[in-house]
Amino acid sequence: MLEDVRTRWHPIAATDDLPLRHVFHGQLLGREFAVWRADDGYVNVWENRCLHRGVRLSIGINDGRELKCQYHGWRYSNRTAGCTYIPAHPADAPARTITNRSFQAVERYGLVWSSEDPRGDLPVVEGIGEDDLLVLRAIPVNASAELVAQRLQSYRFQPNSEIAGTGTNIELVAATEAAVALRSCQGRAETLGVFFVQPVDSGRSVIRGVLSGRPNDAQLTAVLRYHNEALSKLREDLEREAAALPVPVPIEPIFERVSEELASLPELDSRGRKAAIRVQVARKWQTADGIMAFELRPIRGLLPTFQPGAHIDVHLPNGLVRQYSLTNGPGETDRFTIGVKLDPASRGGSQCLHDSVREGDVLAISEPRNNFPLRRDALKTIFVAGGIGVTPLLAMAQTLNNQSLAYELHYFAQNEQQLAFSECRQALGNAVMPHLGLSPSDTVNELRRLLSPYLPDTQLYICGPNPMLESTRSLAAEAGWPEAAVHFEYFKNTNVIDDSSSFEVALARSCLTIKVGAGQSILEAMRDAGVDLPSSCEQGACGTCLATVIEGEPDHQDVYLSPSERASGTKIMTCVSRSKSTRLVIDA
Amino acid sequence: MAKTRCLDPVVLNLWHPLGALVELPVDTVVDTVLLEERLSLAVGLGREVAVWRSCPDFVAGDKIDVASVSKSLPAKVAFGYLWASLGSPPDELFPIPEYEETDRRRLNAATFGVNVSAPRAIENFLDMGHFPYVHTDILGVEPHTEVKEYDVDISVERDEILATRCRFFQPLASSASETGAEVEYIFRVPHPYCSVLYKSSPVDDARYDVIAVFMQPLSQESVRAHMMLCILDEDNEDKVIKRFQQTIFGQDKPILENQFPKRLPLDPRAETPIRADKSAIAYRRWLSQKDVRYGVIPASY
């Protein structure tokens with residue numbers, strides 16, 4: 001019986017219960033929901049519990065894009081319900097899989113519908129037009145849904161245009177355990193009333209009535225008051241009747257356990273270079289000279305949660321794999337937007353996207369990975385973008401903007417026509433500062449000015465072509481920026497990789513020892529031995545294939561690790577770096 | 001022996017706080033609740049105490065000679081509070097040596113009713129990550145949200161949890177300072193329902209203020225929280241000090257009462273821990289090891 005009820009659709013709120021930036025406390029079958037509408041209109045129905053410490057999310061903050069828990073400020077994204085930020089660890093990207101339980105939502109007949117485990121579509125109600133209806137005030141009743149639905153069959157009401165009259169004819173149009181449809185006719189006046197019963201718990205229900213036809217303004221109050229009084233009377237009778245019955249046992253909601261992986265402290269999960277997600281190019285447009293923007297929408301279901309700074313692998317029709325940063329702001333979870341600059345020296349990646357890929361095409365992409373996480377505990381954040389390097393920084397800037405945190409985005413380009421994503425930049429206003437047409441030496445002078453003096457609690461994020469990135473990093477160091485406050489992402493590794501060495505690698509967790517020969521990377525040797533490690537760019541720039549070194553001396557050839565990370569000897573990028581010692585022990 | 005509603009022998013055999021001595025009228029019957037049992041208590045002029053299961057012979061407000069109570073439960077005075085037990089408690093309560101230091105102010109800052117289990121309330125007391133969000137502009141402020149690495153130890157010999165090297169940015173570190181600064185904390189959990197916090201003193205670098213919370217479990221899902229202060233402060237009036245702590249407590253209360261489930265789940269997979277929760281993880285494990293069942297949802301179903 002309860003199983004049947006769980007698979008059915010039930011109304012849990014009126015659409016009017018979800019005004020701008022509100023979080024509504026919904027209830028169904030002993031379970032609580034946090035129900036909220038994002039600014040893009042999407043209705044989220046979530047388990048009413050933060051996954052961290054169980055605090056109700058219905059007391060959280062709806063900022064229009066994300067829901068923030070009151071207790072520790074964890075942020076959960078619109079649509080995906082994935083956690084995008086954990087303030088207690090501002091330097092870490094949260095594991096993508098910290099995702100709250102969400103339930104389907106459909107808006108129809110002025111109500112929001114959901115279900116624990118829906119089978120099939122929401123049933124269609126004949127005679128109620130989506131644009132011409134009146135939702136009555138919800139009437140909570142301390143009685144079982146079954147009893148309420150039974151007694152509703154004898155509910156009587158006047159048609160809207162004869163609301164003050166008496167003696168109408170009532171016809172029972174339909175009745176189920178969950179709803180009753182009644183037609184009231186008096187002469188030519190006719191109103192269909194459908195009364196849905198929301199089972200809140202075993203002994204508690206809510207009557208949600210919907211009438212066909214919205215009365216004119218003069219009658220509206222009278223109709224609302226009429227039903228309010230009549231249904232309140234029904235409620236009193238029902239509660240008297242229910243009070244004489246044995247009290248039903250309340251329904252205990254079952255909370256899903258979090259995954260084993262999350263119960264221990266979060267770590268990256270192990271995936272090879274796979275492209276599990278299929279997206280369609282919904283829009284392709286020229287956003288600047290030589291730069292194409294692509295809006296990618298999921299073929300079915302939802303896209304996974306991303307964080308600012310994240311990138312995806314795009315598997316191209318020509319077999320190449322390329323990495324692109326997401327430019328999306330928080331809560332923009334119905335699509336991924338990337339910018340692709342045509343590289344004159346293209347080996348086929350950007351060329352293919354510019355020339356061959358069209359709107360409507362399907363692409364395979366990886367889940368978003370974040371090796372360039374954004375801290376949000378700075379008093380001020382400075383972003384330095386060179387050309388197409390602006391893409392991850394736009395996502396970051398929108399995030400800080402949404403949280404009203406101080407930042408500046410300095411965008412270096414040759415001229416106005418080379419500035420990409422103008423709509424996004426305009427929304428950010430004066431915080432975006434273009435620096436146009438500067439010579440290399442003027443660029444250096446300008447950067448020196450921007451980066452000095454270093455003030456405590458300031459963070460710097462740089463993304464751009466290698467020479468600019470290198471000089472920004474050294475200017476920051478000159479100006480006294482601590483290395484931990486300087487974050488960077490290279491487009492590519494321009495170092496010439498020396499892969500002539502051969503050595504032995506012991507994989508501590510897998511209890512395997514493998515040989516890495518000349519011309520072969522550690523990553524390749526591991527995969528040959530059946531040990532999978534996530535990777536993305538495979539040229540030492542993106543940071544995905546990072547491994548922990550337990551013993552031995554790494555031969556670093558990447559551009560991802562900072563000098564102190566390199567010096568510590570505890571980390572290695574397995575796609576390009578090698579070993580100076582004959583044996584390297586890594587935690588894999 | 002009367003039947004108790006609480007069937008957890010570990011919790012029955014603990015000492016539990018029933019109220020601050022200075023707030024109890026002398027030689028007068030006072031009613032309270034402990035572990036769903038109605039209890040009555042009285043304090044004599046010489047701080048002699050008696051606690052018994054409520055009976056119609058003595059009603060709240062009656063005058064009584066404490067020495068005349070024959071069926072008293074185990075009862076004692078410690079840290080300015082009256083403690084009692086429904087089982088066979090150990091001789092001694094956990095120590096707080098600083099309480100004996102004569103230059104300290106010692107007071108009950110507040111007694112607050114909270115509709116949450118005692119372990120949830122203790123876990124909140126150990127938690128620093130919520131300071132910027134719940135105690136905004138007092139104990140923390142955005143964007144200074146980072147919980148830095150700290151150390152947690154379960155001391156076998158003292159049977160208590162100790163979290164050290166805890167540091168957190170506090171916007172007004174003391175009444176003497178205008179700017180924010182990092183404050184150092186040490187947390188002890190020497191009793192399943194009690195915790196003691198040491199916080200660097202604004203007046204003496206070498207010493208700590210001591211703030212303790214003693215939970216009186218009314219039921220599995222409700223407590224009276226008693227907050228004891230033992231601090232170095234010669235300037236402020238009692239009411240100023242109390243008001244500060246009551247503000248903090250008042251901010252925690254609505255959060256705690258919105259935690260779900262109200263009992264603390266001990267299954268490691270019931271909730272999602274992060275590194276900042278090391279002390280909470282140790283606390284949950286310690287409760288499991290002690291086989292505490294009251295106020296928690298045990299790990300094994």
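The chains referred to below are lettered A, B, ... by the order of the sequence lines, with proteins before strands, and numbering in each begins at 1.
Contacts between B:Asp127 and chain A at a heavy-atom distance below 4.5 Å involve the side chain alone, from C-beta outward. Heavy-atom distances place both the backbone and the side chain of B:Pro261 under 4.5 Å from chain A.
Minimum interatomic distance between A:Ala88 and B:Ala276 (heavy atoms only, all atoms of both residues): CB-CB, 4.0 Å.
The environment of B:Asp205 atom CG is sparse: at most 12 non-hydrogen atoms of other residues, nucleotides or ligands sit within 6.0 angstrom. Counting heavy-atom neighbours within 6.0 Å of B:Arg167 CZ, excluding the residue itself, gives a total above 12. Around CD of A:Glu252, the count of heavy atoms belonging to other residues, nucleotides or ligands within 6.0 Å does not exceed 12. Within a 6.0 Å sphere centred on CZ of B:Arg165, heavy atoms belonging to other residues, nucleotides or ligands number more than 12.
Side-chain contact between B:Gln259 and A:Arg56: absent, with no pair of heavy atoms (C-beta onward) separated by less than 4.5 Å. Side chains of B:Glu142 and A:Asp377 form no contact here, defined as non-hydrogen atoms less than 4.5 Å apart. Considering only heavy atoms from C-beta on, B:Asn258 stays 4.5 Å or farther from A:Gln70 through its side chain. Side-chain contact between A:Pro87 and B:Tyr133: present, with at least one pair of heavy atoms (C-beta onward) separated by less than 4.5 Å. In this structure, the side chains of B:Glu271 and A:Leu51 stay at 4.5 Å or more apart for every pair of heavy atoms. When side chains are defined from C-beta on, B:Ile255 counts as touching A:Ile59, because their heavy atoms get closer than 4.5 Å. Looking at heavy atoms from C-beta onward, A:Arg53 lies in side-chain contact with B:Glu123 at the 4.5 angstrom threshold.
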Do A:Arg376 and B:Thr145 pass the side chain to side chain contact (heavy atoms under 4.5 Å, CB included) test, and can you show the C-alpha distance, the side-chain angles, and the key distance before you say yes or no? CA-CA 8 Å; A:Arg376 308 184 204 180; B:Thr145 56; over 6 Å; no

Under the side chain to side chain contact (heavy atoms under 4.5 Å, CB included) criterion, do B:Ile274 and A:His89 qualify, and how do the steps go? CA-CA 9 Å; B:Ile274 55 171; A:His89 298 307; 3.7 Å; yes

Before giving the answer on side chain to side chain contact (heavy atoms under 4.5 Å, CB included), spell out for B:His144 and A:Leu379 the whole-Å C-alpha distance, their side-chain angles and the decisive distance to 0.1 Å. CA-CA 8 Å; B:His144 305 284; A:Leu379 292 182; 3.8 Å; yes

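Under 3.5 Å, the side chains of A:Tyr71 and B:Asn124 contain a donor-acceptor pair of N or O atoms.
Considering only heavy-atom pairs separated by less than 4.5 Å from chain B, the leading option among A:Glu256, A:Lys68, A:Gln403, A:Glu32 is A:Lys68. Counting heavy-atom pairs closer than 4.5 Å to chain A, the top residue among B:Val134, B:Val147, B:Leu256 is B:Val147.
Rounding to the nearest 0.5 angstrom, the gap separating the OG atom in A:Ser58 from the CZ atom in B:Phe260 is 10.5 Å.
Between B:Glu146 and A:Arg375 there is a salt bridge, since at least one side-chain N of the basic residue sits less than 4.0 Å from a carboxylate O of the acidic one. Between B:Arg275 and A:Asp92 there is a salt bridge, with a side-chain nitrogen of the basic residue lying less than 4.0 Å from a carboxylate oxygen of the acidic one.
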